[in-house]
Amino acid sequence: MPGPLEGRVALVAGATRGAGRGIAVELGAAGATVYVTGRTTRDRRSEYDRPETVEDTADLVTEAGGRGIAVPTDHLEPTRVRALVDRIDAEQGRLDVLVNDIWGAEHLFQWDTPVWEHDLDNGLRLLRLAVETHAITSHHALPLLLRHPGGLVVEMTDGTAEYNRATYRVNLFYDLAKTSVVRMAFSLGHELGPRGATAVALTPGWLRSEIMLDAFGVTEDTWRDALDRHPHFAISETPRYVGRAVAALAADPDVARFNGQSLSSGGLAPVYGFTDLDGSRPDAWRYLVEVQDAGKPADVTGYR
């Protein structure tokens, strides 16, 4: 049976690992052709110096049932991004879904460090990687996306608009970056809505990314072993959960009802009826407010 996104073309910008990889795979599972980008290839690693590659992600997309196409791209280079979009146009003649998930700054921020003590070069590069890349990619990709009605742009961030508005996030640079992306989706909603397309901001919850699992010394199979040291990690989710959120949005003929809004994987799960890989529906942002930030003992009852 053809998937709900059969014949649709997606670009997941920043799909080497983490949420981007999970999104690409789930779009593939729904039948889409997915272009995946990143800076780490089988021949060259980015400054992250991690083993995940864009080619690996493309293979996972194809294995899931779609067609994965890896295009190594540095989204800070406008000419490279323009060439990427030109290639999609030449090969497909359309773009239906753009996911701006470019980040690459885990190594650039310092927790709870005021701006005058934070490394300035690292902070400014974080902003370039997290915000400027999204603007460059949208600038070049949106004319192609607007060629056919019903296009979807997903701006990936960390935190809902409501949560970030009330909560100091790590430091000034991180806080500014993640809040800016939410606002980008709002602005794109105003620009795309009248032209027949939709833009949303989307956040996963506490993500069990490759980097997070390594930091806690566990794997996806053994992640619960980290709960003794990090009990609130019990609310965490796989990257495929937010991937299912994107696939559901992309297949929704009424997705325009969310135009310009800030959404979360946990908030969309009951709307569309999807679950994480283990069959649960973690609602991390509600849990963070009502349990973790409230200083209560870890207890995910009623939250997944």
Side-chain angles (χ1 to χ4, degrees), residues 14 17-20 46-50 76 100-134 155-186 201-218 223-239 242 262-267 282-300 303:
R17 60 185 66 84
S46 73
E47 67 266 28
Y48 259 177
D49 195 29
R50 289 194 55 84
L76 278 175
N100 272 326
D101 187 52
I102 312 119
W103 168 234
E106 293 289 349
H107 61 298
L108 295 175
F109 62 84
Q110 300 159 242
W111 284 84
D112 298 322
T113 302
V115 64
W116 59 91
E117 295 179 4
H118 197 284
D119 183 280
L120 182 59
D121 289 340
N122 284 350
L124 294 177
R125 179 159 176 79
L126 181 153
L127 290 175
R128 292 198 69 210
L129 286 168
V131 180
E132 189 174 323
T133 55
H134 290 222
E155 287 287 339
M156 294 299 299
T157 188
D158 175 21
T160 63
E162 180 181 16
Y163 188 85
N164 288 352
R165 186 163 49 244
T167 309
Y168 170 70
R169 304 302 313 280
V170 181
N171 61 49
L172 179 144
F173 296 107
Y174 189 95
D175 195 301
L176 179 59
K178 298 307 181 182
T179 301
S180 294
V181 173
V182 173
R183 187 68 185 186
M184 290 174 80
F186 174 80
L202 179 63
T203 179
W206 194 338
L207 195 68
R208 292 202 300 275
S209 65
E210 299 89 345
I211 292 174
M212 179 61 69
L213 292 171
D214 285 352
F216 283 0
V218 293
W223 69 271
R224 291 185 179 278
D225 292 348
L227 299 187
D228 287 342
R229 290 171 291 132
H230 308 281
H232 291 298
F233 194 49
I235 197 61
S236 64
E237 62 197 57
T238 74
V242 75
S262 166
L263 309 171
S264 69
S265 50
D283 189 355
W285 296 103
R286 187 167 62 90
Y287 175 89
L288 290 175
V289 171
E290 298 176 6
V291 181
Q292 178 178 290
D293 295 354
K296 297 179 181 179
D299 184 357
V300 297
Y303 294 96

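Predicted model, so just to flag it, every value in this text is computed and none were measured.
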(message) So for atom CZ, which belongs to Arg50, do other residues, nucleotides or ligands contribute more than 12 heavy atoms lying within a distance under 6.0 Å?
(response) yes

(message) If you count heavy atoms of other groups shown closer than 6.0 angstrom to CD of Glu47, is the number above 12?
(response) yes

(request) Calculate, to the nearest 0.5 Å, the distance between atoms OG and CZ belonging to Ser236 and Arg224 respectively. (result) 7.5 Å

(message) Are Trp223 and Phe216, when compared by the centres of their aromatic rings, separated by less than 6.0 Å?
(response) no

(message) For Ala105 versus Tyr48, what's the shortest heavy-atom pair and its separation?
(response) N-OH, 3.2 Å

(message) Looking at every heavy atom in both His134 and Ala130, which two are closest together, and how far apart are they?
(response) CD2-O, 3.3 Å

(request) First locate atom NZ of Lys178, then atom CG of Asn164, and finally report the distance between them rounded to the nearest 0.5 Å. (result) 9.5 Å

(request) Output the distance between atom CZ (Arg165) and atom OG1 (Thr179), rounded to the nearest 0.5 Å. (result) 10.0 Å

(request) Over 60° means perpendicular and under 30° means parallel, so classify the ring planes of Phe109 and Trp103, tilted if in between. (result) tilted

(message) I need the His232 NE2 to Leu288 CG distance, nearest 0.5 Å.
(response) 9.0 Å

(message) Determine whether a donor-acceptor pair (N or O, by modelled atom type, separation under 3.5 Å) exists between the side chain of Glu210 and the backbone of Gly18.
(response) yes

(message) Nearest 0.5 angstrom please: Leu227 CG to Phe233 CZ, how far?
(response) 7.5 Å

(message) Which heavy atom of Phe173 sits nearest to which heavy atom of Leu120, and what is that distance?
(response) CZ-CD1, 4.1 Å

(request) Apply side-chain contact (heavy atoms from CB on, under 4.5 Å) to the pair Glu162 and Trp285, showing each step before the final yes or no. (result) CA-CA 10 Å; Glu162 180 181 16; Trp285 296 103; over 6 Å; no

(request) Ignoring hydrogens and angles, tell me if any N or O in the side chain of Glu155 forms a donor-acceptor pair with the backbone of Val181 under 3.5 Å. (result) no

(message) Please enumerate all residues that pass salt bridge (charged side-chain N to carboxylate O under 4.0 Å, His left out) together with Asp175, with sequence neighbours excluded.
(response) none

(request) Give the minimum heavy-atom separation between Tyr163 and Asp293, together with the two atoms involved. (result) OH-OD2, 2.6 Å

(message) Are Met184 and Val131 packed together at the side-chain level, in the sense that at least one heavy-atom pair is separated by less than 4.5 angstrom?
(response) yes

(request) With the side chain counted from C-beta on, respond yes when Arg125 and Leu76 share a heavy-atom pair under 4.5 Å apart, and no when they do not. (result) yes

(message) So, taking the atom named CG in Asp112 and the one named CD in Glu117, what distance separates them when rounded to the nearest 0.5 Å?
(response) 11.5 Å

(message) Please check: side-chain N/O of Arg286 versus main-chain N/O of Gly266, any donor-acceptor pairing under 3.5 Å?
(response) no

(request) Work out which heavy atom in Asn171 is nearest to a heavy atom in Thr113; give both atom names and the distance. (result) CB-O, 3.5 Å

(message) Ignoring hydrogens, what is the shortest heavy-atom contact between Pro204 and Met156? Give both atom names and the distance.
(response) CD-CE, 3.9 Å

